[in-house]
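This report concerns only the one structure given below.
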Amino acid sequence: MKTLSVIGSTGSIGVQTLEVAAERGYRVAGLAAGKNAAALERQILQFRPRVAALRDPQAGKALAEKLSGVCDTRILWGEEGVCRTAALEEAGLVLNAAVGIAGLRPTVAAIEAGKTLALANKESLVCAGELVNRLAAAHGVSILPVDSEHSAIFQCLQGSRGGEVERLILTASGGPFFGKTAAEMEHMGPQQALKHPSWSMGAKITVDSATMMNKGFEMIEAMHLFGVRPDQIDVVVHRESIVHSLVEFRDGSVLAQLSPPDMRLPIQYAVDYPDRQYAPRRRLDLAALGRLTFFAPDEEAFPAMKLCREVMEKGGNLGAAVNGANEVAVAAFLAGKIPFGRIYPMVERVARAVPFIPAPTLEDIFETDRQARAAVTME
């Protein structure tokens, strides 16, 4: 029986991970969330983990008091509590679905504890990919991708040998603003940006999909996950979200992974890897679909991918600067403080203003994040 710890358990990916765990009969030893105490409480009472944690200390202490005598789950709080949950001894696999740079320390904690890491927190690699990879190599830890695009690439690579890959092709839905010009999007608000055509996701990642910053982050993530050069990664817009990504090999052959858009499939693949188990999911009916379409991304209307290519080329702490600025800018947009058209220009200005560090330490990464956030707040 597999035993899991799930970080970010109350978010979209975390909730679907627990659905898969319940279907498969896996034991959940640890749960960790940000501040959604009510949702975490329901999960605790359903799965009865040995440990659960809330990043928010006040909410964590209140939940511990509320559940005292009700169940045997030990309630922790704060960043330390989340990291202890990620390093839980009996958990064979840690699925990190935390949102934002808040997922980086749990990633490090899981790796240092020698856990197999199923990674849905892309910011761990966007902000500190080189550092995370060195740490994983030092501890002999496998990092399994959970994002649908990276899971697709990972599946297509099974059985291939080093040096055979020519190109990775990430697919993008194009988000809710596909086909629009920068001028048309300038004054869009959260109501329009949150109407994703294919996926049901959290608000922050849905806005990142609308700016295509999410796809830029996925390019950075793919570079670190699969050890390829920046010029070996391309993006194609695929509105149907059926082809989740493709791999082109040096002989010209291209393999693709196809399925209906359902995050439980890549989650289950990561949790069950290297095995494939039966899943009660909707099956793909190509005849019913009729056709699949593909378009080149419009990098003039959606310039975030250009900035992320610069991150891939330059490395250092630039990814942390871009991510920190983006997190605050998107939060300001969702709060109605800025229009959609201000998100990217704000992120670009701030990211270039933060001092560049070629070989940052973990603490340098967090200091870069702090500086970027402060600079956005002052805009």
Side-chain angles (χ1 to χ4, degrees), residues 12-13 15-17 19-20 23-24 118 120 122 144-160 164-180 194-202 205-206 208-210 212 214-215 217-219 221-222 225-226 228 232-298 302 305:
S12 175
I13 300 299
V15 167
Q16 291 176 85
T17 298
E19 289 178 12
V20 170
E23 287 174 359
R24 302 287 303 128
K122 60 176 55 68
L144 305 175
V146 173
D147 279 349
S148 62
E149 296 82 358
H150 302 97
S151 175
I153 292 170
F154 185 57
Q155 292 180 57
C156 290
L157 289 174
Q158 297 306 303
S160 67
E164 294 181 343
V165 173
E166 185 80 14
R167 187 168 55 131
L168 306 181
I169 306 169
L170 298 169
T171 56
S173 71
F177 298 148
F178 172 73
K180 295 190 180 298
L194 293 175
K195 291 180 179 178
H196 196 280
S198 306
W199 298 93
S200 176
M201 306 179 291
I205 193 171
T206 304
D208 283 347
S209 178
M212 293 197 74
N214 187 55
K215 200 54 52 179
F217 284 170
E218 287 177 1
M219 291 192 300
E221 190 179 7
L225 280 169
F226 303 114
V228 297
Q232 290 179 283
I233 300 174
D234 282 338
V235 171
V236 63
V237 176
H238 169 55
R239 297 294 282 167
E240 295 82 4
S241 296
I242 296 297
V243 179
H244 297 292
S245 279
L246 311 92
V247 176
E248 180 181 3
F249 294 91
R250 63 186 178 185
D251 62 357
S253 295
V254 177
L255 297 185
Q257 186 266 325
L258 289 73
S259 68
D262 185 339
M263 276 305 301
R264 291 172 297 179
L265 192 153
I267 289 168
Q268 181 168 327
Y269 187 77
V271 174
D272 283 336
Y273 181 81
D275 300 322
R276 283 190 189 271
Q277 305 291 346
Y278 172 79
R281 311 274 177 260
R282 178 165 63 97
R283 269 25 186 186
L284 183 61
D285 186 340
L286 289 173
L289 282 169
R291 65 176 184 173
L292 301 174
T293 58
F294 303 90
F295 307 89
D298 183 350
F302 301 93
M305 289 195 296

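Computed over heavy atoms, backbone and side chain alike; hydrogens, waters and symmetry mates excluded. We number each residue from 1, following the sequence as shown.
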Report summary line: By ring-ring contact (aromatic ring centres under 6.0 Å, His included), Phe295 pairs with (sequence neighbours left out) Phe178

Report task. Please test Ser151 against His244 for side chain to side chain donor-acceptor pair (under 3.5 Å), starting from the C-alpha separation and ending with a verdict. Result -> CA-CA 8 Å; Ser151 175; His244 297 292; over 6 Å; no

Query raised in the report: Does the side chain of Leu289 reach to within under 4.5 Å of the side chain of Leu284, using non-hydrogen atoms?
Result: yes

Report summary line: For Ala120 and Asp147, the nearest pair of non-hydrogen atoms, with its separation, is O-OD1, 4.0 Å

Query - Val146 vs Met263 side-chain heavy atoms within contact, under 4.5 Å - result: yes

Report summary line: Hits for side-chain hydrogen bond (donor to acceptor under 3.5 Å, both in side chains) against Arg167, two or more places apart or cross-chain, chain-then-number order -> Asp234, Glu248

Query raised in the report: Residues in salt bridge (charged side-chain N to carboxylate O under 4.0 Å, His left out) with Arg264, at least two apart?
Result: Glu19, Asp262

Report task. Applying salt bridge (charged side-chain N to carboxylate O under 4.0 Å, His left out), name anything that partners Lys215, two or more places apart in sequence or on another chain. Result -> Glu149, Glu218

**Report entry** Under the salt bridge (charged side-chain N to carboxylate O under 4.0 Å, His left out) test, residues paired with Glu23 that sit two or more places apart
**Finding:** Arg281

Query raised in the report: From Thr293 OG1 over to Arg239 CZ, what is the distance, rounded to the nearest 0.5 angstrom?
Result: 8.0 Å

**Report entry** Interatomic distance, Asp272 atom CG to Leu144 atom CG [nearest 0.5 angstrom]
**Finding:** 11.0 Å

Query raised in the report: Is any side-chain heavy atom of Pro145 less than 4.5 Å from a side-chain heavy atom of Lys122?
Result: no

Query raised in the report: Do the side chain of Gln268 and the main chain of Gln277 share a donor and acceptor less than 3.5 angstrom apart?
Result: yes

Report summary line: Note: Leu157 and Ser160 closest approach over all heavy atoms is O-OG, 2.7 Å

**Report entry** Heavy-atom donor-acceptor pair, Thr17 side chain to Ile13 backbone, under 3.5 Å
**Finding:** yes

Query - Euclidean distance, Ile153 CD1 relative to Phe226 CZ, rounded to 0.5 Å - result: 5.0 Å

Query - Distance (rounded to the nearest 0.5 Å) between Ile242 CD1 and Ser173 OG - result: 12.0 Å

Report task. Output yes when a side-chain donor or acceptor of Glu166 lies under 3.5 Å from a complementary backbone atom of Gly252, and no otherwise. Result -> no

Query raised in the report: With distance as the sole test, does His238 use its side chain to make a donor-acceptor pair with the main-chain N or O of Val243 at under 3.5 Å?
Result: yes

Requested in this report: Working to the nearest 0.5 Å, report the span between CE of Met305 and CG of Asn214.
Outcome: 11.0 Å

Report task. Over 60° means perpendicular and under 30° means parallel, so classify the ring planes of Tyr269 and Phe154, tilted if in between. Result -> perpendicular

Query - Minimum heavy-atom distance between Val235 and Pro297, given as atom pair plus value - result: O-CD, 3.4 Å

**Report entry** Side-chain donor or acceptor of Arg283 paired with backbone N/O of Ser259 under 3.5 Å
**Finding:** no

Requested in this report: Would you indicate whether the side-chain heavy atoms of Ser253 and Asp251 approach each other to under 4.5 Å?
Outcome: yes

Query raised in the report: If we only count heavy atoms from C-beta on, is the Arg24 to Val271 side-chain gap below 4.5 Å?
Result: no

Requested in this report: Start with the C-alpha distance between Phe177 and Met212, add both sets of side-chain angles, then the distance that settles side-chain contact (heavy atoms from CB on, under 4.5 Å), and finish with yes or no.
Outcome: CA-CA 10 Å; Phe177 298 148; Met212 293 197 74; over 6 Å; no

Report task. Could you tell me whether the side chain of Ser245 reaches within less than 4.5 Å of the side chain of Ile169, counting heavy atoms only? Result -> no

Report task. Would you indicate whether the side-chain heavy atoms of Phe249 and Val254 approach each other to under 4.5 Å? Result -> no

Query - Non-hydrogen side-chain atoms of Leu265 and Gln155 separated by less than 4.5 Å - result: yes

**Report entry** side-chain hydrogen bond (donor to acceptor under 3.5 Å, both in side chains) involving Arg250 - partner list, sequence neighbours excluded
**Finding:** none

